[in-house]
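Taking it in order: structure first as structure tokens, then the write-up.
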Amino acid sequence: MTKQERFQKEFQEHVKEGLTAYPKYLSSRYIYDEKGDVLFQKIMALPEYYLTQAEYNIIDQHKDALAQIAIDEKGIDLIELGAGDGKKTKVLLKHLNDRKANFTYIPIDISQHSIDELTSSIKDLWPDMDVQGEQGRYFSVLDKLASYNNRPKLIIVLGSNIGNLEHPEAIKFLEQIQNSMSDKDYLFMGFDQKKDPLTIQNAYSDETGVTQEFNRNLLHRINKEMDANFPVDTFEHWESYDPETGTAKSFLLATQPCTVKINTIELDINFDKWETIHTEISQKYDDRTVEWLAQQAGLKIKEIYEDNDQLFKNYLFIKN
Ligand code: AVJ
């Protein structure tokens, strides 16, 4: 079976499981096809979606502290999980380059397309930079990371991507990273913070409807890839943020009753009016929660960095 076939099979099983459950759910991980990637880039450019700017601000302010790690260690492997377009990382790459640090940049992303684009744009900017991109899912690539042991690693995970995971999965994710780390390695990770609930609500339900399109892309994909007939426009995006747990939840709401035929997996699904499909969580954190997650995963916080508007934090972890 090819990678692509395996992915399709997984996606089909997931759709069957999630849409026959009550309440219904689908995973946001399937939003990201080519169109989903473009929609997410549009989200990152929205004024409401403060996360990207905030983390950019943190990296810009603290690039020297991060570069110092590479200088002090006389060379590092800089490994980025979920590199995407690398816009924020390039601030750090430039600084590492300016300071003549010795490093190899290893961007890892699920999308081969992203890796290729990123690699060629870096080659244009800095022809001599050592870049060794790899395509793969976090979990499968993480094992491989342990073998990058010639010199200290700085592993970076930006964008609060961990927020898509519920705490037990987030701990597993951190644990897997921890397992691939030696005592000399560092993990630098972004965690979006609890804040005015309205700010969060707005970031995930923008006026222009880009987030709604992003969420609906799940249904478009099922229509396209599983020969289904979701009346996509009758499903509305809904966002709800719970300031106590810090969990922002996305839903697709059936504003009309309907029956959806998903031919490839021979499934008919009924939706009542106002029935929900839960599609995504975007967890918000505070220091106590991050400390707890880290400790559960055998890590400890070495440093905390915050943006000027106090919206977002990046934590530098080492092995406990
Ligand atoms: C890519 C997981 C960080 O949850 O903030 C943006 C995805 N969803 N708007 C997030 C997303 C809706 C994003 N992450």
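In each ligand, atom 1 is the first atom listed, and ligand 1 is the first ligand listed.
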Centroid separation Y30 to F7 less than 6.0 Å: yes
Test item: L316 and L187 side chains (from C-beta on) under 4.5 Å apart, heavy atoms: no
N97: side-chain contact (heavy atoms from CB on, under 4.5 Å) partners, not counting sequence neighbours: W126, M129
Linked hydrophobic residues, W238 as query - side chain contacts closer than 4.5 Å: F251, L253, W274
D307 side-chain N/O to L311 backbone N/O, donor-acceptor pair under 3.5 Å: yes
Check ligand 1 for close polar pairs with the protein: N or O on both sides, less than 3.5 Å.
{"from": "ligand 1", "atom 1": "4 (O)", "to": "S282", "atom 2": "OG", "distance (Å)": "2.6"}
{"from": "ligand 1", "atom 1": "5 (O)", "to": "Y49", "atom 2": "OH", "distance (Å)": "2.5"}
{"from": "ligand 1", "atom 1": "5 (O)", "to": "Y204", "atom 2": "OH", "distance (Å)": "2.5"}
{"from": "ligand 1", "atom 1": "8 (N)", "to": "E280", "atom 2": "OE1", "distance (Å)": "2.7"}
{"from": "ligand 1", "atom 1": "8 (N)", "to": "E280", "atom 2": "OE2", "distance (Å)": "3.3"}

Set of side-chain hydrogen bond (donor to acceptor under 3.5 Å, both in side chains) partners for N161, sequence neighbours left out: Y138
